[in-house]
Amino acid sequence: MKAKGRRAIGVRLAATTAIVGLSSLALMPLSPVSAQERTSRVSNARSFNIPSQPLSSALNAFGRQSGLQVTLAAATSRGVRSSPVRGTLEPQQALAQLLSGTGISYQISGGTAVIGSAASAGDSGAAVAGDGTLLEPISVFGGGSPGAGEIQISAEDLEQKNPASVADVFSGQPGIAVGSSLPMSQKVYVHGIEETNLAVTIDGSRQNNKVFHHAGTNLIDPSLLKAVGVDAGVAPADAGPGALGGAIAYETKDARDLLDGDGFGGSISSSYNFNSDTVTTGLTAYGLHEGLEFLGSFNFGNGNDFTAGNGKGVQGTSTDILSGLGKLAYEFESGDRVSISHERVHDDAPRPYRANTGFIEGRPEWEPRVRDYKLDRQNTVFTYTDSTPEGWWDPKLVLAYSKTELETPVYLNPRFNIPPYNGIGTTESFNGKFENKFSFDIGNIVAGIDFYSDKAELEDMFDPGTEKSRNVGIYTQARIEPWDRTRLSFGARGDTQKFTGTTGEEWSHSGFSGNISGEYDLIEDFLIAKAGYSHVWAGIPLAENFIMNPNWDYGSGPKPVTSDNFNVGLEATYNDFTIEGSVFQTNLDDARSPRYAVLRGIEAHDVRSRGFEIGGGYSWGDGSFKVKYANIDVEIDGNPADSDLGTYLAAPGGQFITLQAVHTFTDWGVTVGADAELAPNYRAYKGYEVFNAFVEYKPPTRPNLTFRADLKNIFDETYSDRATYGQEFGTVTPLYEQGRAFMLTAKATF
């Protein structure tokens, strides 16, 4: 009761602080004159130094030096050289100079430069030095790998979603499921394949944390994210080692994403969830000054257990989370840019005894319904790039350290007369890469070398254990447009790994991975065919910390895990309509899934996921509508997957339908939206239908303010996400999602 009282006081205090701060900012005078004065003090001009070179590499340099995202239409860059750009210029002036004489049109809007198809000599849309022409958005072929499984979640998407957890980040993507309603125990499944079988990175730093099967793998504060990229199934060689079922790349915000030029800024935001009396508050400050960049962001949340759709409180779902991000970068006059970032998330609150499960009947009576969990994940990344690359020289160096630590009490049978003690599981990785991009007229080739040194360790009174893994890989990936209407990406990597078991025994293995994917315009500007294939060698994955046994019998040693991925798809666009569809299959062979027993340390299973996705959408000037459907079937060793055998392997799958609609009333500064997720009955899994809606207001006279209201689970559905553990077992009460929840959010930027 005392703890709950302190939490309630903390909630009220945080709410009062946030409201006072936001009110003060809201009342600050912001007349058109003062806004104009502030705009005049912050110039958009930047220093540019881009020699004449193949257009693709010149645009890459422009993107780095301007801080803009750059997308390039198909076949635009082949055989084209840029004009040189030097001096302190506005980004639009610099881009116009770079494209001068090429006859290529462009658009700069919303932090993105869209480079269009080559225009005719008399086309008014062609770029002219010192001026620019704004065009309507066009379909583009960017710097990623073409294929049927690529998903991009942009900064604009994240702003529209206003995500409170990773599950919200991937909303609207029926092929991606997130199990558990607690951020600290959420796991991501791509086409049913669990995320530790994917190459997961945060700002380029490897993340592969199997700390505890009842806890999550990557605790992430979505308010720190600026973009997420997913390669479902087929991933390129430069995505990193271990991309068995694809890759997920999380990117956090930079100062350059928030400012157009030299200057300083900041924001304060706060949200209140009426379902659980939870307050979440964020403070951010950032700046740019003569090549120096900095960003600092701090978020904290505090609240009570939430109530499920059945009207009952769900024990162990309170909020007590702290997160932060710090970044510092400097760009020298030579164009060399160095940056260092540190990101950390800490969750500390009572959780269900098994943090991804509501309750399991028949468990020993000495196990409490809830226990304390302390989950801490941190990520430190050093990066070097050259902001003025020239053709064959565009280097990138990344050195990173990531660590996840979980501390929770261990309860033994009272007859042993041993009081509860804390077990601590720690997974850490020191990793990095050095690569160079070689640009030429029809595309580019990335070649490099990467490494990781991973350790998983359990500190336990009776059964401490440690496994280690070291890997060195060499890779190359080509992305080219060899012919009209054709875009290809193909690459390979070779890896050598040294694995050390809990007994100190060591095994060394080496393997080869290859991939190819492509797009072909069957009907130009209307119908695109896509396909991809990859074979991946991933070595031996480390075991989960909390099931490590120092006496495991490894026999001749665990087998390296391999996979094969296939996807084929079509995409059609006509005016503002889009229709797309794809079929996919992923096969994991010898996927290690150990258990505590002495003879189960090298246990492995074969996993197969296959299915299809279809979707369509329509967009108009101020809004859009999308509907998507996924049908995913997962088997383990030839039998339907279940969530227990599928721990760190796969989720059962099923059918999923998502709908999204949004419209902005520009003159009023109002945006309204709604979305839904439908999951029909599937095997032993009960279906559910969840609907959400939001309204957001940005006062036209005070553009620095944003007010938003979200209504989640409108019809108070009692359900668990399909990927949540234990729903198929009669003895398990799954961890339910929150019932109807009304949320208010306010944000002020200055």
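In this structure, Thr733 contributes its side chain and Gly358 its backbone to no donor-acceptor pair below 3.5 Å. Under a 3.5 Å cut-off, the side chain of Asn209 and the backbone N or O of Val211 do not form any donor-acceptor pair. Judged purely by atom type and a 3.5 angstrom limit, Thr502 has no side-chain atom pairing as donor or acceptor with the backbone of Thr466. A donor-acceptor pair is defined here as one N or O able to donate and one able to accept, closer than 3.5 Å; no such pair exists between the side chain of Ser185 and the backbone of Ala215. Counting only distance, with no hydrogens or angles, the side chain of Asp320 and the backbone of Asn302 share no donor-acceptor pair below 3.5 Å. In this structure, the side chain of Asp637 engages the main chain of Asp606 through a donor-acceptor pair within 3.5 Å. In this structure, Asp168 contributes its side chain and Ala164 its backbone to a donor-acceptor pair below 3.5 Å. Between the side chain of Gln727 and the backbone N or O of Asp721, at least one donor-acceptor pair lies under 3.5 Å. Between the side chain of Asp642 and the main chain of Glu728, no donor-acceptor pair closer than 3.5 Å is present. In terms of modelled atom types and a separation under 3.5 Å, the side chain of Asn567 and the main chain of Phe584 share no donor-acceptor contact.
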* **Verdict with supporting geometry, Val381 and Val398, side-chain contact (heavy atoms from CB on, under 4.5 Å)** => CA-CA 7 Å; Val381 186; Val398 176; 3.9 Å; yes
* Where do Tyr189 and Ile632 land on the side-chain contact (heavy atoms from CB on, under 4.5 Å) test, with the steps shown first? -> CA-CA 11 Å; Tyr189 298 82; Ile632 303 169; over 6 Å; no
* Which is it for Ile176 and Ile151 under the side-chain contact (heavy atoms from CB on, under 4.5 Å) test, yes or no, and what are the steps along the way? -> CA-CA 10 Å; Ile176 302 178; Ile151 299 169; 3.9 Å; yes
* Asked: Hey, mind stepping through Val228 and Phe170 against side-chain contact (heavy atoms from CB on, under 4.5 Å) and telling me if it holds?
  -> CA-CA 9 Å; Val228 182; Phe170 293 110; 4.0 Å; yes
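Between Asn413 and Pro364, the closest side-chain pair of non-hydrogen atoms is not below 4.5 Å. Between Lys210 and Thr427 the shortest side-chain heavy-atom distance does not fall below 4.5 Å. At a threshold of 4.5 Å between non-hydrogen side-chain atoms, the residues Phe451 and Leu399 count as touching. Under the 4.5 Å side-chain criterion, counting only non-hydrogen atoms from C-beta, Thr586 is not in contact with His191.
The pair Arg493-Asp450 meets the salt-bridge criterion, with a side-chain N (NZ, NE, NH1 or NH2) lying under 4.0 Å from an Asp/Glu carboxylate O. A salt bridge links Glu367 to Arg354: at least one charged side-chain nitrogen sits closer than 4.0 Å to a carboxylate oxygen. Using a cutoff of 4.0 Å between basic side-chain nitrogens and carboxylate oxygens, Lys468 and Glu457 are not scored as salt-bridged. A salt bridge is absent between Glu603 and Arg595; no separation between the charged side-chain nitrogens and carboxylate oxygens falls under 4.0 Å. Taking a cutoff of 4.0 Å between a charged side-chain nitrogen and a carboxylate oxygen, Arg608 and Asp633 qualify as a salt bridge. Salt bridge status for Lys437 with Asp238: absent, with no side-chain N to carboxylate O gap under 4.0 Å.
One distance of note links CZ of Phe382 with CG of Leu328; it measures 11.0 Å at 0.5 Å rounding. Thr503 OG1 to Trp552 CH2: the interatomic distance, rounded to the nearest 0.5 Å, is 10.5 Å. Annotation: the span from Leu458 atom CG to Asp463 atom CG amounts to 8.0 Å, rounded to 0.5 Å. In this structure, NZ on Lys433 lies 13.0 Å from CD1 on Ile449, to the nearest 0.5 angstrom. Atom CG of Leu406 sits about 6.0 Å away from atom CE of Met184, to the nearest 0.5 Å. Considering CD of Glu459 and CD of Glu407, their distance stands at 9.0 Å, rounded to 0.5 Å.
Other residues, nucleotides and ligands contribute only 12 or fewer heavy atoms inside 6.0 Å of the CZ atom of Arg470. In this structure, Asn417 places its CG atom where only 12 or fewer heavy-atom neighbours from other residues, nucleotides or ligands lie under 6.0 Å away. Annotation: Lys226, atom NZ; neighbour count of heavy atoms from other residues, nucleotides and ligands within 6.0 Å is above 12.
Residues meeting the side chain to side chain contact (heavy atoms under 4.5 Å, CB included) test with Ala538, sequence neighbours left out: Leu244. Residues passing the side chain to side chain donor-acceptor pair (under 3.5 Å) test with Asp553: none are found, sequence neighbours excluded.
Looking only at atom types and distance, the side chain of Thr196 has no donor-acceptor partner in the side chain of Asn208 under 3.5 Å away. A donor-acceptor pair shorter than 3.5 Å cannot be found between the side chains of Gln738 and Ser181. A donor and an acceptor atom, one from each side chain of Ser205 and Asp203, are nowhere located under 3.5 Å apart.
By the 30° and 60° cut-offs, the orientation of the rings of Phe298 relative to Phe300 is tilted. Relative orientation of the Phe499 and Tyr554 rings is perpendicular, given thresholds of 30° and 60° on the angle between their planes. His214 and Tyr725 have perpendicular rings, their planes meeting at more than 60° on a 0 to 90° scale where under 30° would count as parallel. Between Tyr421 and Phe462, the angle of the ring planes goes over 60°, which puts this pair in the perpendicular group of the 30/60° scheme.
What you find for Pro409 and Asp372 is that their closest heavy atoms are CD-O, 3.0 Å. Contact detail for His509 and Pro558: the closest heavy-atom pair is NE2-O, 3.9 Å. Nearest heavy-atom pair, Ala247 versus Leu198, reported as atom, atom and distance to 0.1 Å: N-CD2, 3.9 Å. Taking all atoms of both residues into account, the shortest heavy-atom contact from Asn515 to Ala237 is ND2-N, 3.3 Å. Closest approach of Trp537 to Gln497, counting heavy atoms only: CH2-CB, 4.1 Å. Looking at every heavy atom in both residues, Val166 comes nearest to Gln186 through N-OE1, 3.6 Å.
Of the candidates Thr496, Asn431, Asp495, Asp454, Asp495 is the only one forming a side-chain hydrogen bond (donor to acceptor under 3.5 Å, both in side chains) with Asn471. Checked options Glu195, His213, Arg592; the residue passing with Tyr648 is His213 (criterion: side-chain contact (heavy atoms from CB on, under 4.5 Å)). Checked options Thr252, Asn299, Thr280; the residue passing with Ser223 is Asn299 (criterion: side-chain hydrogen bond (donor to acceptor under 3.5 Å, both in side chains)).
The cationic atom of Arg351 (NZ for Lys, CZ for Arg) does not lie both less than 6.0 Å from the six-membered ring centre of Tyr373 and within 45° of the ring axis. Figure legend: Arg369 and Phe359 shown as a cation-pi pair, the cationic atom lying under 6.0 angstrom from the six-membered ring centre and within 45 degrees of its axis.
For Phe430 and Tyr401, the distance between ring centers is not under 6.0 angstrom.
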